[in-house]
Engineer: 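Handing you a structure now.
Letters A, B, ... mirror the listed sequences (proteins, then strands); counts begin at 1. As a basis for the values below, the full set of heavy atoms in this structure was taken, side chains included, without hydrogen atoms, waters or symmetry mates.
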Protein chains: 2
Amino acid sequence: MTDSELVAARPRAAVAGKRERLVASATDLVHRHGVQATTLALVAKAADVPLGNVYYYFKTRDDLIRAVVDGHAQRIDELLAILGRGTTPRDRLAGLARNWADAADLLAESGCPIGGLSADLARLDGGLHECAGLLPRAVLDWATRQFRELGVPDAPAEAASLLARVLGAALLTNAFHDPALMSQEMRRIERTIDDLAAGAAGAR
Amino acid sequence: MTDSELVAARPRAAVAGKRERLVASATDLVHRHGVQATTLALVAKAADVPLGNVYYYFKTRDDLIRAVVDGHAQRIDELLAILGRGTTPRDRLAGLARNWADAADLLAESGCPIGGLSADLARLDGGLHECAGLLPRAVLDWATRQFRELGVPDAPAEAASLLARVLGAALLTNAFHDPALMSQEMRRIERTIDDLAAGAAGAR
DNA sequence: GTCTATACCCAGATAGAC
DNA sequence: GTCTATCTGGGTATAGAC
């Protein structure tokens, strides 16, 4: 560790505390109420930071939203890295579905963080609009690699179908306030994956 | 036609003109920018109606949004009625998929009116929150009836899968700004329907 | 770095002339 | 029925003391 990193580390500890609290609060509010309804006053209050102080950490509101997106991107990468340790592509893809199934109650209550945020961003104009594809893209590319490794004929399309089912099921789960819908659809997705794995093995 | 209808019909013609323009403008703005971003000032301007006059037709903003939802519900019923004239359940379900496929460009640009609106409503609180399931429910029930008539074992789950794929694909199409994704997934859905029809026929 | 006070704008909604 | 002017609240952002 160099001197410059050392000195920078200490003041940043306090700074990071508030900054992280702001991003965490914003992430929660964006998830529950959407990007548009997430006001700086609400975020500041939830993070227990004075409103005026928010602008020390984020130049504009868009910067804060962008930080929320980046946080999700990072968590997605971590999740996919963990799932990547599964021994077979089949297990890894099933793990992805199970991850959403485990969150069924949360999804029924507040919708899917990824799907909801992407939809919100796609309807804005400005720099944030371009970020709409960021989060789904990471999952889509990962799933495509798994299907390819599985030996499925059209891996990209199969991955798109999988992600569409997951995000669509989450949307319906939220609209109907019914976690059972999510559990059911994720079980069916696991079956689809098994069928594809069996089909690819049979063609081999 | 009775006298009361006659006299009521004339003044209502002018009334309906503005009211309908307001609902049409609101529907368009809600579709493109979401419920939260749809302000009465924007709606009034787009409908060429003075802002203050909006409150003659709608007591509150929520009433106007509610009218937008009702309009969609009506159009969905009409669409499903038309699709219902298809000779086989397979044709009717394929028609549903084709309907979304035909709108690929619009979906890429502004997202799915039904999915986006439902997601928006689910994140509000108040009376509108309860309407979130209204639009998807109509499609889901219709599709369930078709799968049942097709002789598929678990018709409700199959219908949920179908609708999830459609809405999820629309969400991705919008996030990636890529109409091709929608076309591709709708073709694949048609194949799934064919497979299910063949499976049900084989089991008969 | 922190926080109060506030500028400035735009939202939903209303009053009241016509 | 129609429309202008306006009230009130809450949004983003800034100024400036500490």
Engineer: Of all of residues 26-51 of chain A, which get a heavy atom below 4.0 angstrom from DNA chain C, listed by number?
Structural biologist: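 Heavy-atom cutoff 4.0 Å gives A:Pro50.
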Engineer: Using the 3.5 Å cut-off, write out each protein N or O paired with an N or O of nucleotides 15-18 of chain C and the distance between them.
Structural biologist:
none

Engineer: Which whole-number value in Å describes the distance from A:Leu22 CG to D:dA13 C1'?
Structural biologist: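 From A:Leu22 CG to D:dA13 C1': 15 Å.
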Engineer: Could you give all pairs that pass the salt bridge (Lys or Arg N to Asp or Glu O under 4.0 Å) test and reach residues 22-36 of chain B, with sequence neighbours left out?
Structural biologist: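 Non-adjacent pairs meeting salt bridge (Lys or Arg N to Asp or Glu O under 4.0 Å): B:Asp28-B:Arg32.
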Engineer: Do any N or O atoms of the protein come closer than 3.5 Å to N or O atoms of nucleotides 7-9 of chain D, and which pairs are they?
Structural biologist:
none

Engineer: Name the atoms and distances for all side-chain donor-acceptor pairs under 3.5 Å in residues 67-87 of chain B, with sequence neighbours left out.
Structural biologist:
| unit_1 | atom_1 | unit_2 | atom_2 | d |
| --- | --- | --- | --- | --- |
| B:Asp70 | OD1 | B:Arg66 | NE | 3.2 |
| B:Asp70 | OD1 | B:Arg66 | NH2 | 3.3 |
| B:Thr87 | OG1 | B:Asp91 | OD2 | 3.4 |

Engineer: Identify which nucleotide among D:dT2, D:dT12, C:dG1 has an atom closest to any side-chain atom of A:Tyr55, counting heavy atoms from C-beta outward.
Structural biologist: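 Closest of the options to the side chain of A:Tyr55: D:dT12.
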Engineer: Show the atom names and distances, to 0.1 Å, of all donor-acceptor pairs under 3.5 Å that link a side chain in residues 39-49 of chain A to residues at least two apart or in another chain.
Structural biologist:
| unit_1 | atom_1 | unit_2 | atom_2 | d |
| --- | --- | --- | --- | --- |
| A:Thr39 | OG1 | A:Leu42 | N | 3.2 |

Engineer: Round to a whole Å and report the spacing from CG of A:Leu124 to C1' of D:dT12.
Structural biologist: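 Interatomic distance, CG of A:Leu124 to C1' of D:dT12: 15 Å.
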Engineer: D:dG11 C1' sits how many Å from A:Arg61 CZ, rounded?
Structural biologist: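 These atoms are roughly 9 Å apart.
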Engineer: Taking only the side-chain heavy atoms of A:Thr60 (C-beta and beyond), determine which of D:dA13, D:dC3, C:dT2 contains the nearest atom.
Structural biologist: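 Minimum distance to the A:Thr60 side chain belongs to D:dA13.
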Engineer: Under the salt bridge (Lys or Arg N to Asp or Glu O under 4.0 Å) rule, what pairs show up with a residue in residues 52-64 of chain B, not counting sequence neighbours?
Structural biologist: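 Non-adjacent pairs meeting salt bridge (Lys or Arg N to Asp or Glu O under 4.0 Å): zero.
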Engineer: Can you tell me which nucleotide in D:dA13, D:dT2, C:dT2 comes closest to the side chain of A:Lys18?
Structural biologist: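 Looking only at side-chain atoms, A:Lys18 lies closest to C:dT2.
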Engineer: How would you list, by chain and number, every residue that makes a salt bridge (Lys or Arg N to Asp or Glu O under 4.0 Å) with A:Arg98, sequence neighbours excluded?
Structural biologist: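 Counting only residues at least two positions away or on another chain, A:Arg98 forms a salt bridge (Lys or Arg N to Asp or Glu O under 4.0 Å) with A:Glu190.
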Engineer: For residues 102-109 of chain A, please give each side-chain donor-acceptor pair under 3.5 Å, one per line with the distance, not counting sequence neighbours.
Structural biologist:
none

Engineer: Determine which pairs satisfy salt bridge (Lys or Arg N to Asp or Glu O under 4.0 Å) with at least one residue from residues 115-124 of chain A, sequence neighbours left out, and list them in order.
Structural biologist: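 Pairs touching residues 115-124 of chain A that pass the test: A:Asp120-B:Arg123, A:Arg123-B:Asp120.
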Engineer: Taking the side chain as every heavy atom from C-beta outward, state whether A:Leu162 and A:Phe147 have any pair of such atoms under 4.5 Å apart.
Structural biologist: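 A side-chain contact exists here, since the closest heavy-atom pair is under 4.5 Å.
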Engineer: Under the side-chain hydrogen bond (donor to acceptor under 3.5 Å, both in side chains) definition, can you give me all pairs with a residue in residues 172-183 of chain A, not counting sequence neighbours?
Structural biologist: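 For residues 172-183 of chain A: A:His177-B:His129.
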Engineer: From CG of A:Asn53 over to C1' of D:dA15, roughly how many Å is that when rounded to an integer?
Structural biologist: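 Rounding to the nearest Å, CG of A:Asn53 and C1' of D:dA15 are 14 Å apart.
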Engineer: If you look only at pairs with a residue in residues 137-154 of chain A, which of them pass as a salt bridge (Lys or Arg N to Asp or Glu O under 4.0 Å), with sequence neighbours excluded?
Structural biologist: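 Counting only pairs at least two positions apart or across chains, the salt bridge (Lys or Arg N to Asp or Glu O under 4.0 Å) contacts touching residues 137-154 of chain A are A:Arg92-A:Glu149, A:Arg137-A:Asp141.
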Engineer: Please determine if a side-chain N or O atom of A:Tyr56 lies less than 4.0 Å away from the OP1 or OP2 oxygen of C:dT2.
Structural biologist: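 No, A:Tyr56 has no side-chain N/O under 4.0 Å of OP1/OP2 on C:dT2.
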Engineer: In this structure, how many angstroms lie between the P atom of D:dT14 and the CZ atom of A:Phe58, rounded?
Structural biologist: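 Atom CZ in A:Phe58 sits about 16 Å away from atom P in D:dT14.
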Engineer: Nearest 0.5 Å please: distance from the CD1 atom of A:Ile65 over to the CG atom of A:Leu124.
Structural biologist: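 Answer for the CD1-CG pair, A:Ile65 versus A:Leu124, is 8.5 Å.
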Engineer: Looking at C:dG1, I'd like to know if its phosphate oxygens (OP1 or OP2) sit under 4.0 Å from a side-chain N or O belonging to A:Tyr57.
Structural biologist: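 For A:Tyr57, the contact criterion (side-chain N or O under 4.0 Å from OP1 or OP2 of C:dG1) is not met.
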